[in-house]
2 protein chains.
Amino acid sequence: MRDLRIDSIFYCSSIALFGSVSEGKLGRALLERLTEGGFDTKKIYIINPKGIGHGDSKGYKSILELADKKVDLALISSPAATVPQVLEDCGAVGVRGAVVISSGFSEAGNNELEAEIIGIAQKHSIRFIGPNCAGIANTENSLLATIEAQPAKGRISLVSQSGAVGGLIMHLSTENGLGICKFASYGNGADLNETSLLEYLIDDDSIDVITLYVENIKDGRRFMEVLQKATAVKPVIIIKSGRTSSGQRAAMSHTGSMAGADMVYDKAISVCGGIRAITTDDMFDYAKIFAAKKDIFGKKVAIITNSGGPGVMTADMCENAGLTVCAPSDSVKSKLQEFLPPFAGLANPIDLTVGATPMGYAKALSTCLEEYDAAIVMYVGTPHLQALPVAEELTKVAKQSNKCICALFEIGSDIEEAKKVLSNSGVVLFPSGERAANALSKLVEYNEYKASNTEIDLFPDIESLELGCSCDSKSLLETQAMRLLDSVDISIPKHLFASNSNDAIKACNEIEYPVCMKVVSPAILHKSDVGGVILNIKNDFECIEAFKKLETLYGFLGVIVYPMLKKGYEVMMGLTRDAQFGPVVMFGMGGIYTEVFKDIALGIAPLTHQAALNMIKSTKSYEILQGARGGNKADIDALCDILVKLSKLPFMYESISEADINPVFAYEHGAVVADVRILLDKRDKIDL
Amino acid sequence: MRDLRIDSIFYCSSIALFGSVSEGKLGRALLERLTEGGFDTKKIYIINPKGIGHGDSKGYKSILELADKKVDLALISSPAATVPQVLEDCGAVGVRGAVVISSGFSEAGNNELEAEIIGIAQKHSIRFIGPNCAGIANTENSLLATIEAQPAKGRISLVSQSGAVGGLIMHLSTENGLGICKFASYGNGADLNETSLLEYLIDDDSIDVITLYVENIKDGRRFMEVLQKATAVKPVIIIKSGRTSSGQRAAMSHTGSMAGADMVYDKAISVCGGIRAITTDDMFDYAKIFAAKKDIFGKKVAIITNSGGPGVMTADMCENAGLTVCAPSDSVKSKLQEFLPPFAGLANPIDLTVGATPMGYAKALSTCLEEYDAAIVMYVGTPHLQALPVAEELTKVAKQSNKCICALFEIGSDIEEAKKVLSNSGVVLFPSGERAANALSKLVEYNEYKASNTEIDLFPDIESLELGCSCDSKSLLETQAMRLLDSVDISIPKHLFASNSNDAIKACNEIEYPVCMKVVSPAILHKSDVGGVILNIKNDFECIEAFKKLETLYGFLGVIVYPMLKKGYEVMMGLTRDAQFGPVVMFGMGGIYTEVFKDIALGIAPLTHQAALNMIKSTKSYEILQGARGGNKADIDALCDILVKLSKLPFMYESISEADINPVFAYEHGAVVADVRILLDKRDKIDL
């Protein structure tokens with residue numbers, strides 16, 4: 001359902017501009033931009049204490065004087081302290097949308113002032129962008145309500161937390177002939193932010209590609225929900241900066257483990273089908289290729305070139321980016337041989353060599369497109385050669401095909417004309433073959449996401465339960481934790497609790513020797529570290545000895561007795577709550593695999609079986625579990641089953657803050673949890 | 001010692017241009033380029049069958065008609081078949097240098113024709129570039145003997161195997177205001193190639209930075225020798241394409257293990273101080289920063305910006321590239337506070353915010369340069385702001401400092417002027433902060449190389465020996481291999497050979513039970529696979545049993561008896577001969593570490609102790625050897641010692657083609673080889 005108040009911002013037909021429009025003032029810069037953008041200056045009302053306007057735009061002392069005129073958008077550049085009253089006045093005359101350029105709010109420590117304007121806006125049902133932002137643009141509506149430069153018209157939208165990054169990207173787009181439809185810099189995002197603006201753009205038919213620059217996201221799960229909806233309809237390209245600890249410090253984001261947090265962002269974006277870009281160059285390249293709206297069904301790329309070197313470099317980059325640069329089939333090869341000279345290279349890159357003719361290029365392209373999913377056409381000329389005839393022939397093929405054709409066209413007496421002709425016929429031009437390859441790989445990635453049809457249930461309808469056991473610490477006792485796993489059908493070993501040595505002997509005999517005995521104590525989280533685990537107990541005598549030893553440990557309540565488990569592959573699974581994205585599960589093989597090789601997979605909970613499988617497969621350790629070293633194959637299905645069940649726990653039990661099941665023994669058939677640790681959140685401390 | 005014949009190519013004062021200069025012919029294009037370059041056209045003599053010249057450049061039917069005129073350079077664009085006679089004629093009149101643009105030689109399968117022109121050139125003591133190349137340029141000499149576009153004058157040199165890549169890079173340089181001094185496209189490299197041209201440029205005072213594009217290198221070790229000399233004097237930036245199997249197929253290079261081969265190239269380049277670039281953008285960025293000739297002594301970078309977003313992205317990239325974006329010291333911080341507004345960010349990035357003044361920028365920069373090794377200054381303006389005043393103030397600081405100052409300057413009414421002013425004062429401009437960070441990291445890398453002072457002895461003076469043992473297969477027997485290791489003081493366990501059961505019992509008793517017994521057979525390379533290794537033999541009875549079992553194996557000569565070795569960390573070392581770079585050693589922890597995690601380090605033999613240490617430290621497994629999992633520290637020195645000795649073996653024994661010592665047990669004190677396999681080259685098969 002479309003929020004008409006946001007429409008009144010982007011499709012406004014009249015603007016109240018708050019602030020001084022004297023030379024050198026922010027209001028003046030905004031008025032100049034609005035004028036430059038082509039907005040009707042008579043429909044801009046300037047409001048400042050002296051009531052001074054400029055040119056056709058009349059001045060008023062208060063918006064209340066404008067009661068007879070309908071104002072759609074309040075564009076506010078007056079000092080921070082004046083903004084609450086401005087919004088009150090706007091509310092009084094029925095303005096529904098505002099853009100607050102003014103700074104001096106939460107970014108400067110004035111959280112109260114920001115809270116105040118949020119309250120006023122809510123009271124009057126006003127939606128606003130900012131404060132502390134660079135403004136908005138909508139080229140559809142000749143609206144340039146920003147301090148940034150005017151972008152060319154187009155079908156890309158840009159939402160940016162940073163005004164400067166937004167300005168840079170628009171600047172680059174214009175330089176490269178790509179056009180923007182809607183731009184919004186949301187600054188502090190006090191009301192409208194990355195999530196609500198993204199949601200607004202989903203159904204906007206004037207937009208084919210959404211680009212997003214964010215430094216932090218407040219409600220990660222809500223963002224994912226909207227992102228998932230958006231990517232079902234159109235590509236969303238995201239720069240999330242603050243990837244490293246330096247960058248995070250710079251972004252003033254200090255949430256938990258730094259590197260870990262970026263892994264969660266990365267996962268959250270990719271599982272919702274978002275395309276992550278690292279640099280502005282990347283974002284720009286990706287936007288360009290998606291804007292061409294071409295089909296792609298696989299990852300086979302043909303490289304057609306007149307020069308070996310650039311072809312080699314492009315082939316390298318294609319392979320690095322996960323594309324396939326395979327040789328043509330025999331049938332396509334023989335078709336190519338019919339018209340190409342004998343010295344042409346046919347192994348892909350298809351190297352037409354310096355003798356390349358316009359017709360040769362065109363026929364090679366159309367022949368390759370019969371079996372390749374996309375093509376990169378490279379033309380590197382010399383100053384005395386003409387590129388236009390080649391471009392013109394290629395154009396004919398491009399117009400007939402809906403497959404993605406990228407091109408590098410450089411050097412030639414008529415190179416600019418050639419580029420223009422190509423780009424008008426839907427060929428996507430790049431400044432290098434490498435960048436074309438990289439962009440193409442993102443088209444493939446998005447296509448694979450859409451084909452995979454794996455939607456995450458972000459707010460699962462899982463019944464919330466109370467933990468049916470009492471505990472007086474921030475962690476469950478092992479007996480309780482095992483019972484909890486058992487209750488959700490996670491495979492655990494047989495075990496018995498004993499609080500005295502007689503019961504211990506009974507338990508050991510019931511479990512059957514050899515057994516393993518562990519201390520149960522609310523005070524001991526890491527049992528092995530304090531000698532709280534005794535393995536391979538073989539008889540009653542050893543049982544009593546073990547019990548006596550454990551009995552001396554701090555907080556002793558009793559012991560838990562397990563059979564000695566058959567050794568299998570040892571894997572670990574974890575569960576935590578991310579500050580932004582909520583419940584997250586982790587999978588890895590633990591030990592050096594995790595600590596030294598950082599071979600960990602993350603997943604956003606709850607997982608489907610397929611998502612769990614994708615997680616496990618994404619680790620290098622998967623090879624080991626597949627028997628890389630001559631061992632048995634581990635039962636991956638059984639591991640997935642445990643991961644899926646683990647991922648539902650945080651939705652069932654709000655009080656669970658963290659869980660580690662480590663190790664899980666994975667066998668050829670089945671898997672079983674060998675140890676578990678479940679932490680509870682202080683907030684939700686459970687009654688004794 | 002300067003080769004004056006190569007001088008006669010680059011510093012020619014007269015040219016004989018072979019080939020037709022009719023409209024549309026290659027000769028005509030060359031003549032036009034030469035004219036455009038400003039070469040005296042009267043000193044260009046055109047030679048073709050009809051003796052037709054063009055303009056001021058007179059035509060002749062043969063160079064023999066020119067006997068009275070001194071010709072420095074023969075520039076040949078006539079058909080391949082005519083080239084031998086052309087070179088004969090050139091030799092006859094004393095021409096010392098030639099550039100053969102013509103194609104149709106080895107690249108088209110005509111190896112004999114290429115061999116013929118090599119022979120003729122040698123006979124006449126002519127040095128030549130090509131054939132199948134795009135030509136050369138020397139802007140110092142107004143010489144544009146190439147089909148590529150004229151580059152701007154400058155102090156960078158470009159040597160390219162591919163004419164098209166060379167042309168592209170020159171094109172980019174010109175677009176970006178960087179100048180080229182000498183350019184050479186060497187094509188097939190029949191005479192002068194990457195190595196000889198690189199050597200020629202080392203002492204060239206007109207060149208500050210050498211850039212190189214190569215697809216393959218014929219004599220890797222000779223190239224390394226020259227590269228090492230070159231990087232001692234000036235930076236050398238190298239694109240080596242054909243990194244992936246697709247790229248290698250494209251580059252028609254099929255030498256051994258594809259991915260492995262690129263690892264060797266990578267290592268060879270880096271140990272000689274070469275800077276490897278992946279894309280042309282990289283090469284261009286690196287050339288630009290090195291051309292500024294600034295000092296760098298560490299990796300601490302200050303980021304000074306007027307906008308948060310671009311600052312965050314730059315901080316991210318700095319950290320990824322290995323630079324340090326640390327906060328300023330208290331003293332620098334308080335100096336900054338003296339003149340910066342209270343809302344400025346001081347944690348680095350130093351964020352001056354939108355209120356940044358020219359003086360604020362300049363003082364922030366000069367203050368930061370007191371303790372940072374380099375700075376990235378970012379100015380992202382809006383169209384209504386002026387950038388020039390900022391640029392002018394920064395310029396004053398830049399002129400006073402020899403530290404590297406990079407800048408991103410974008411958007412503003414006078415941005416082009418601002419950029420010009422900066423670049424004239426030695427500030428290095430980049431199109432993004434991320435690219436500045438990446439380039440800066442290469443400056444640090446080169447500085448670290450130069451400080452490390454680690455020269456490789458590529459042609460070590462090691463006495464070549466004959467293997468003092470007889471063998472009748474392509475591998476040494478384990479007894480022989482152990483003896484060989486022992487002879488170079490590599491620590492091996494006590495062991496005894498026995499060819500009958502009585503001797504075996506004696507051997508076992510002398511070694512002392514428990515022992516390990518292995519089969520000795522020239523036919524068995526992988527003993528464990530055929531049950532040829534029996535561990536933990538405890539007494540004479542088990543000894544006889546073991547002997548009887550091994551005796552039945554194919555090719556049985558006897559057994560080798562070892563003590564049971566104490567378990568330690570297991571590492572593996574390898575030795576092989578690379579087709580391009582000769583003896584190469586490998587280190588890793590074997591098993592899944594090598595196979596799944598590809599955690600391998602390579603080194604070019606022979607190694608110094610320091611080089612061996614660097615290799616081991618470069619693996620992730622180093623953490624494990626340091627006791628990451630609570631174990632002992634391994635004796636890294638002892639491992640280095642074995643690696644160093646292993647790396648000398650191929651120079652001592654030409655017949656050794658491959659060696660694996662796997663595992664080596666590494667203990668807290670010392671390390672010992674537990675198994676060894678040495679392969680011999682068929683060529684050098686040793687007499688029985």
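Throughout, protein chains are lettered first and strands after them, A, B, ... in sequence-line order, and every chain is numbered starting at 1.
With a threshold of 4.5 angstrom between heavy atoms, A:Asp351 does not approach chain B through any atom at all. Heavy atoms closer than 4.5 Å to chain B are found in both the backbone and the side chain of A:Met317. At a 4.5 Å heavy-atom cutoff, the contact between A:Arg435 and chain B is made by side-chain atoms alone. Both the backbone and the side chain of A:Glu595 come within less than 4.5 Å of a heavy atom in chain B. Using a 4.5 Å cut-off between heavy atoms, A:Tyr213 contacts chain B through its side chain alone, with no backbone atom that close. Only the side chain of A:Ile239 comes within contact range of chain B, judged by heavy atoms closer than 4.5 Å. Of the atoms belonging to A:Ala108, not a single heavy atom falls under 4.5 Å from chain B. Heavy atoms closer than 4.5 Å to chain B are found nowhere in A:Asn306, neither backbone nor side chain.
For the options B:Pro342, B:Ala134, B:Ala149, B:Cys318, heavy-atom pairs under 4.5 Å to chain A are most numerous at B:Ala149. Most heavy-atom pairs under 4.5 Å with chain A: of the set B:Val380, B:Thr324, B:Leu385, this distinction falls to B:Val380. When the candidates B:Gly381, B:Ala29, B:Gly591, B:Ser307 are compared by the number of heavy-atom contacts under 4.5 Å with chain A, B:Gly591 comes out ahead. Considering only heavy-atom pairs separated by less than 4.5 Å from chain B, the leading option among A:Ala164, A:Gly308, A:Ser103 is A:Ala164.
Counting heavy atoms from C-beta on, the side chains of A:Arg33 and B:Pro383 come closer than 4.5 Å. Considering only heavy atoms from C-beta on, B:Ser162 comes within 4.5 Å of A:Pro310 through its side chain.
Of all the heavy atoms in B:Lys620 and A:Val596, the pair that sits closest is O-CG1, 3.2 Å. The heavy-atom pair separating A:Val312 from B:Ser241 by the smallest distance is CG1-OG, 3.3 Å.
The aromatic rings of A:Phe597 and B:Phe597 lie parallel to each other, with less than 30° between the two planes, well short of the 60° mark.
For the residue pair A:Glu410 / B:His171, a side-chain donor-acceptor distance below 3.5 Å is found, with atom types taken as modelled.
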